[in-house]
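Beneath this line is the structure, given in structure tokens, with notes to follow.
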Amino acid sequence: MNRKFVTRVISIGGLFTLWFVVTKYQLVNPLFLPPPKDVWEGAVDLIQAGELREHIAASLWRMFMGFVVGSVTGVVIGILMGQFRLFHAAVGPLVEIIRPIPGLAWIPVALIWFGIEDASKVFIISMGVFIAVVTNTFVGVRSLDPVLVRAARSLGANHRDIFFRVVLPGSLPYIFTGFRLGVQVSFALLVAAELVGSTSGLGFLIQDARNYFRGDLVILGMAVIGALGFSITRLVEIVDRWLLRWQPTSREGTFY
Amino acid sequence: MTVSLQVNGVSKEFVDRRSKSTVRALDEINLEVQKGEVICILGPSGCGKSTLLNIVAGFLPPSGGEVRVDGRPVVEPGPDRGFVFQEFALFPWRTVLQNIEFGPVLKGMEKGDRHARARELIQRIHLTGFEDKFPFELSGGMKQRVGIARALANDPEVLLMDEPFGALDAQTRRVMQEELLKLLGETQKTVLFVTHAIDEAIVLADRVMIMTARPGQVKALLGVDLPRPRERTSPEFNELYRTMDDLIRVEVEKSLEVQDSGAAASGEGA
Amino acid sequence: MQTQSVSGRLGISTISVAGFVVLWQLCATLELVDPLILPSPWMTIQSGIRRSEGGELLHHIIASVVRITEGFFLGSVLGILIGLLMGQVRIIGEALEPIVDILRQIPEVAWIPLAILMFQMGEGSKVFIITYGALFPAIICTFDGVRMTDPAIIRAARSLGAGRGQLFWRVTLPATLPHIMTGLWIGLGYAFRGLIAAELAGAQEGIGFMIMLAREDNLTADAFMGMALIGVIGFIAIYGLGAVRNRVLRWHESTQE
């Protein structure tokens, strides 16, 4: 741990020193790489004005709403597809048609449908989350070991018991993989959607700063986006690890 | 003595998906098991011994004939027939205690009662202190102890065991056989035990049913009249072993011939 | 019985998709929904035909394809090289890992404003975003792959007389290949995302630009057509990379399905 910690400090410290030196001697155009001091002062201004908090709140709220809508529909449809072959035959192809279209390509249409306010972003995010969750949920239900269903039946379980006590907990690891991937994907979607058409949010913040040639605020916004994305993924991971503590090791995600 | 389990003329046919032909897996199996009796089923692989067990459990419907447990015909799986799986089939998201009390929970038994029952069983399978462990934290032998306790928690009429120790190493197997005998001595359960190990059958069984190669028929039903605990090195044990080995070997060779000719007939490898 | 139900399910799938398209068309024909909100499938196709005239559509397609090819190639090659270097030279690995860990948290789309500041609206900003998207998955997966190489096969190769160079070319690199392919796989998705976002945010050509323009002019049918086109191009790219993977990794269990 010690060695790792030390190299970590040295390497990150080195990066900041480099930034400091490069900007001090103006080796790079200060328009897009302002000195650390400028970024720091920009941050202080933005926090004091309460603006940063507003943008973060706007982004988080959209993220949350989109996640709820996308994950609920994804889990329900994924389970139905996994449990009923007929439903899968009917709905599966429609999901397959939507899947190759990247969530981002929906942005212009979402803007036409839902306007420039929150609804269009919620739609985009829920789309990204839905695709990740529906696929993984379906795979989870299908890959459930049939011997567990037989075991439950021999212990006296009826259809209801099997669904709630076997199928649902059994596909939970996959559902959570879907949540994790969905959150990762849709956070980037959100930033892009806010960049392209919005009047608030972190994506808007960096785009707006760019319009005023405020490189310091652009970099600040990027840092906040990175930190927020990291925290959200971490949060999902923590919940995931607690709920799935019956699993021997960490799982790899299914990338589609 | 009361009859606990009746298998009356049970047959099973499958449709082979590739050749579209009907395969007869079981042919007119008859068996009557007394309450508290331990029957081991021996046979070459593919003879349908697991199929028979699955029919008794109600996982598969028979193509002909019927199974009765305690006089009632079997139509679907139920808690009167506890099943122990070779692959353990523990619910990975439930702790040892929660796995064992699964059946009682489904029955709606009160928390205090089912905890008490589960704890008693945990004590009898020597897993005290492991109540809150998840299956992945247990060794194979421990997992199967939980599997047996989970089946017993429903207090079933019959215990169906499908090569339950097949996935365990030789030492653990021996220990598990001894523990199972002790448990059965205490509970007086009727047991149908599928295995391909002859010595396991002789150690455990009151009677051993030997099956033919496909289509599976009853080739022989031999009583094991040796005093317990049975000594693997005794002459009587070995005598019985040799008898059964001879009976089975013929069937294994037959099943291999069938496979060879089948492969030749289809004209290509896998 | 089994085969019947399979063909039955196929029938249901066909009916479901066809029904969906018919319903969609009906909505427009019967004017249940404003075509500005939901253009009919036929209008979408028509818009494709109209835009093809004079080679306009082809022009946008080529612009996008060239960008994604350049950026994906650049990002992948750079990422694999950096990943291999980090895996082979311990000091480089330890020094770069924390920096990679920080930079990978920032999605490539968040770089768009800065990229535009750096390169203005030119090609540079798009290729930069796409490269960035492909870069980090390639680095991380390659690095992981090198570190996760089974020590037993390295020992086996050494006992068979492999030297340092041989060890790298004949053992480490092939053993890392499945991980590299995974990195490219994920990277392709990010690169694609970067392409569209960059074109949406500011470009003069490309499919993303075309649908953004359509949106501003309220030409919903054109936006739909562009979306479908993006889906098709993405599908082809994924299929192509899958074919490469199956060829390169034909010894690996991941391709034995």
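Reminder, nothing fancy here: chain letters follow the sequence lines and each chain counts from 1. Any value given below was found using the heavy atoms of this structure, including those in side chains, with hydrogens, waters and symmetry copies removed.
Under a cut-off of 6.0 angstrom, the local environment of CZ in A:R234 is sparse, with at most 12 non-hydrogen atoms contributed by other residues, nucleotides or ligands.
Checked for salt-bridge contact, B:E186 and B:K182 miss the test: no charged N lies under 4.0 Å from a carboxylate O. A salt bridge links B:K35 with B:E157: the distance from a Lys NZ or Arg NE/NH1/NH2 to an Asp or Glu carboxylate oxygen falls below 4.0 Å.
Among residues at least two apart or in separate chains, side chain to side chain donor-acceptor pair (under 3.5 Å) pairs with a member in residues 56-65 of chain A are A:S59-A:E194, A:R62-A:D118, A:R62-A:E194, A:R62-A:S200.
Minimum heavy-atom separation, B:L168 to B:M176: CD1-CG, 3.8 Å. Shortest non-hydrogen contact noted between B:V194 and B:S50 is CG1-OG, 4.3 Å.
Using the six-membered ring where Trp is involved, A:F176 and A:F179 have ring planes that are perpendicular, over 60° apart on the 30 and 60° scheme.
B:N99 is not listed as a side-chain neighbour of B:F88, based on a closest heavy-atom distance of 4.5 Å or more. A:M63 places a side-chain heavy atom less than 4.5 Å from the side chain of A:V183. In this structure, B:V175 and B:R145 have side chains that are in contact, with non-hydrogen atoms separated by less than 4.5 Å.
Within residues 54-70 of chain B, the residues having any heavy atom under 4.5 Å from a heavy atom of chain A are, by residue number, B:N54, B:G58, B:F59. Among the residues in residues 148-155 of chain B, those with a non-hydrogen atom closer than 4.5 angstrom to a non-hydrogen atom of chain A are B:R150, B:A151, B:N154. Of residues 101-119 of chain B, those residues with a non-hydrogen atom less than 4.5 Å from any non-hydrogen atom of chain A are, in numerical order, B:F102, B:G103, B:V105, B:L106.
In this structure, the ring of A:F123 has its center less than 6.0 angstrom from the ring center of A:W106.
Interface summary for chain A: among B:E87, B:R94, B:R81, the most heavy-atom pairs under 4.5 angstrom belong to B:E87.
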